[in-house]
Student: 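Here's a structure for you.
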Amino acid sequence: MMNGSEEDLLAPTVTALILVAFSLFHEPTRRMLESVVARTLLHTLPSPEKNKGEAPVVSQVCIYPVKSLRSVSISESKMDALGLVGDRRFMLVCPAPLPPYGTFLETDPTHRFITQRQCPMLARVDASISDSALNISFEKESVTIHLSGDPPSSNKKSSREGSYRARIWDDVVEVQDMGPKAADFFQGIVGDSLEYKGIRLVRIVSKRVAPDAYVPAAGRTWWGEPPRVGLSDGFPILIAFEASLQELNRRLLEKGKEPIPMSRFRPNIVIKNTKPFEEDTWKVIRIGSTIFHLVKGCPRCKQSCTDQRTGKVTDEPLETLADFRALGPQKADVYFAQNAIAQGTHVAVGEKVLVLNRGEPVWDQGPVAAE
């Protein structure tokens, strides 16, 4: 017969063995256990290496309240399940063409997303957000959209007025229309072109997650699920590095071309005091008390060639990036900055960056489709 202390030790052991055995046959349980173990092991990583020079530091924090409109530079940001609070929860959409079979099925997207890739002049539109309102301005005109708390929960069978299914890359998400006042304002900006007829401002309603193929076990939730994401292209956070931009600009100047600002790459977080592109091998970093997993390089599309002040489009920086940043299996794709997942609640300018783990660079496994 066992005494009380032996029973106390045996109970969690038996529970663990049952979970491990169950996970051999149950995929969600296996993923959950992998994530719990991997996230727990983060706390056992060796002490970060000491920097020979100045320590890496956060130099900028930015959010983009409306996808593809101008950035808002802030000194600090809280974080929620979708990334930086207020970052890319809204976007512009236009009606999608009817499918060949003449009607939209229940799972078909009824709208398509619009960005600077199709409409470069969106770079000239400002947006700011508070808890109660979204403010949009263009030249001397502005509009305020009052927000009524969180968007309603998603329901696949919902026929709620003002709710659409919108395609954003390979995902179809449910979005909520923000009303005719916002739609009229943006229609006045983009004009009456058939391509933008029926433009609407919407915000995300349904759950959307990051591409699972690139998410490490330690980057998942405690339940083994991929992290959620708002209306960014794929991952909740983009981190860029001043030293890498300086190297790119050095090459541009050698060609007799103008240097470009960091705003071309639309990052959320910018870090200084590193070597050019050493971030390719960074896997896990800590900023303040928040852990960031750098999951893969960010392939750049023609939007990086759009001046974020004027909306003018040129051939750079893609042309020069192709000289030295065409990486991975798809040599047509060029990379700048790192897609990231955060586990924490806060990030601020001036916070030190500690590199907890390094590894091999990760690039896209297949061709990148850019609209």
Side-chain angles (χ1 to χ4, degrees), residues 42 45-62 71 73 214 216 218-219 235-301 304-305 316-331 333-344 347-364:
L42 285 177
L45 290 173
S47 299
E49 62 224 47
K50 292 184 178 180
N51 295 286
K52 294 181 180 179
E54 290 185 90
V57 172
V58 175
S59 58
Q60 293 181 47
V61 177
C62 296
S71 67
S73 181
Y214 298 101
F235 292 89
I237 293 170
L238 184 67
I239 304 180
F241 297 77
E242 288 187 5
S244 300
L245 179 64
Q246 291 166 3
E247 173 61 19
L248 170 60
N249 281 333
R250 182 187 69 78
R251 292 168 179 261
L252 287 170
L253 289 169
E254 282 183 350
K255 293 181 174 182
K257 297 184 176 183
E258 291 292 320
I260 62 172
M262 186 65 84
S263 61
R264 290 287 191 94
F265 298 105
R266 300 176 65 81
N268 293 113
I269 298 169
V270 179
I271 294 173
K272 66 179 181 180
N273 301 338
T274 66
K275 297 177 182 178
F277 298 104
E278 71 167 293
E279 64 271 17
D280 289 348
T281 62
W282 288 13
K283 294 299 157 189
V284 185
I285 63 175
R286 186 168 69 236
I287 301 176
S289 60
T290 299
I291 296 290
F292 292 85
H293 299 268
L294 279 61
V295 294
K296 77 174 189 69
C298 182
R300 308 314 310 203
C301 67
S304 61
C305 296
E316 294 291 1
L318 290 186
E319 187 177 282
T320 296
L321 283 172
D323 294 340
F324 72 114
R325 294 293 295 174
L327 304 167
Q330 310 298 325
K331 295 302 183 183
D333 300 328
V334 299
Y335 289 83
F336 189 97
Q338 292 286 319
N339 288 298
I341 295 163
Q343 292 168 337
V347 65
V349 171
E351 288 186 315
K352 290 185 178 180
V353 180
L354 300 177
V355 181
L356 302 181
N357 196 19
R358 296 176 185 265
E360 291 298 315
V362 177
W363 317 115
D364 283 82

Student: Which pair of heavy atoms, one from Asn268 and one from Pro236, lies closest together, and at what distance?
Tutor: OD1-O, 3.8 Å

Student: Has the side chain of Ser304 got a donor or acceptor atom that lies under 3.5 Å from a matching backbone atom of Cys301?
Tutor: yes

Student: Report yes if the side chains of Thr320 and Lys255 come closer than 4.5 Å at any heavy-atom pair, otherwise no.
Tutor: yes

Student: Is the closest side-chain donor-acceptor distance between Thr290 and Gln343 under 3.5 Å?
Tutor: no

Student: Tell me the closest heavy-atom pair linking Cys305 and Leu318, and the distance in Å.
Tutor: SG-CG, 3.6 Å

Student: Quick one: does Asn357's side chain get under 4.5 Å of Leu42's, heavy atoms only?
Tutor: no

Student: Go through the steps to decide whether Leu238 and Cys298 satisfy the test side-chain contact (heavy atoms from CB on, under 4.5 Å), and finish with yes or no.
Tutor: CA-CA 8 Å; Leu238 184 67; Cys298 182; 3.7 Å; yes

Student: Name the residue from Leu294, Ile285, Val362 that meets the side-chain contact (heavy atoms from CB on, under 4.5 Å) definition with Gln338.
Tutor: Leu294

Student: Is it the case that Asp280 and Tyr335 place a side-chain donor and acceptor less than 3.5 Å from each other?
Tutor: no

Student: Should we count CD of Glu254 as having more than 12 external heavy atoms under 6.0 Å?
Tutor: yes

Student: Search all heavy atoms of Pro216 against all heavy atoms of Val295 and return the closest pair with its distance.
Tutor: CD-CG1, 3.7 Å

Student: Measure from the side-chain N and O atoms of Arg300 to the backbone N and O of Phe336, and report whether any donor-acceptor pair falls under 3.5 Å.
Tutor: yes

Student: For Cys62 versus Pro267, what's the shortest heavy-atom pair and its separation?
Tutor: CB-O, 3.5 Å

Student: How long is the span from the CD1 atom in Ile341 to the CZ atom in Phe292, to the nearest 0.5 Å?
Tutor: 11.5 Å

Student: Out of the candidates Gln60, Glu54, Glu242, Gln246, only one should pair with Lys272 under the side-chain contact (heavy atoms from CB on, under 4.5 Å) rule; please name it.
Tutor: Glu242

Student: Do any N or O atoms from the side chain of Asn249 and from the backbone of Ile260 form a donor-acceptor pair under 3.5 angstrom?
Tutor: yes

Student: I'd like to know whether Glu279 forms a side chain to side chain donor-acceptor pair (under 3.5 Å) with Ser244, so could you lay out the CA-CA distance, the side-chain angles of the two residues, the decisive distance to 0.1 Å, and finally the verdict.
Tutor: CA-CA 9 Å; Glu279 64 271 17; Ser244 300; 2.7 Å; yes

Student: What's the spacing between Phe277 CZ and Leu327 CG if we round to 0.5 Å?
Tutor: 9.0 Å

Student: Please round to the nearest 0.5 Å and tell me the distance separating atom CD1 of Ile239 and atom CZ of Phe265.
Tutor: 16.0 Å

Student: Any side-chain to backbone donor/acceptor pair from Glu247 onto Arg251? Under 3.5 Å, distance only.
Tutor: no

Student: If I compare all heavy atoms of Lys352 with all of Ala55, which pair ends up nearest, and what's the gap?
Tutor: CD-CB, 4.5 Å

Student: Below 4.5 Å, heavy atoms only, C-beta onward: do Glu319 and Lys257 meet side chain to side chain?
Tutor: yes

Student: Determine whether Val270 and Phe241 make a side-chain contact, defined as any pair of heavy atoms from C-beta on separated by less than 4.5 Å.
Tutor: no

Student: Taking all heavy atoms of Ile271 and all of Pro56, pick out the closest pair and write down the distance.
Tutor: CG2-CB, 3.9 Å

Student: Using the side-chain contact (heavy atoms from CB on, under 4.5 Å) definition, which of the options Ile287, Val353, Asn273 pairs with Val57?
Tutor: Asn273

Student: Considering only heavy atoms from C-beta outward, does the side chain of Ile237 approach that of His293 to under 4.5 Å?
Tutor: no

Student: Please assess Arg264 against Glu316 for the test salt bridge (Lys or Arg N to Asp or Glu O under 4.0 Å), listing each intermediate value before the final yes or no.
Tutor: CA-CA 10 Å; Arg264 290 287 191 94; Glu316 294 291 1; over 6 Å; no

Student: Taking the side chain as every heavy atom from C-beta outward, state whether Phe324 and Val334 have any atom pair closer than 4.5 Å.
Tutor: no

Student: Within a strict 4.5 Å, meaning less than it, do heavy atoms of the Asp333 and Trp363 side chains meet?
Tutor: no

Student: Could you check whether any side-chain heavy atom of Asp323 comes within less than 4.5 Å of a side-chain heavy atom of Leu321, counting everything from C-beta outward?
Tutor: no

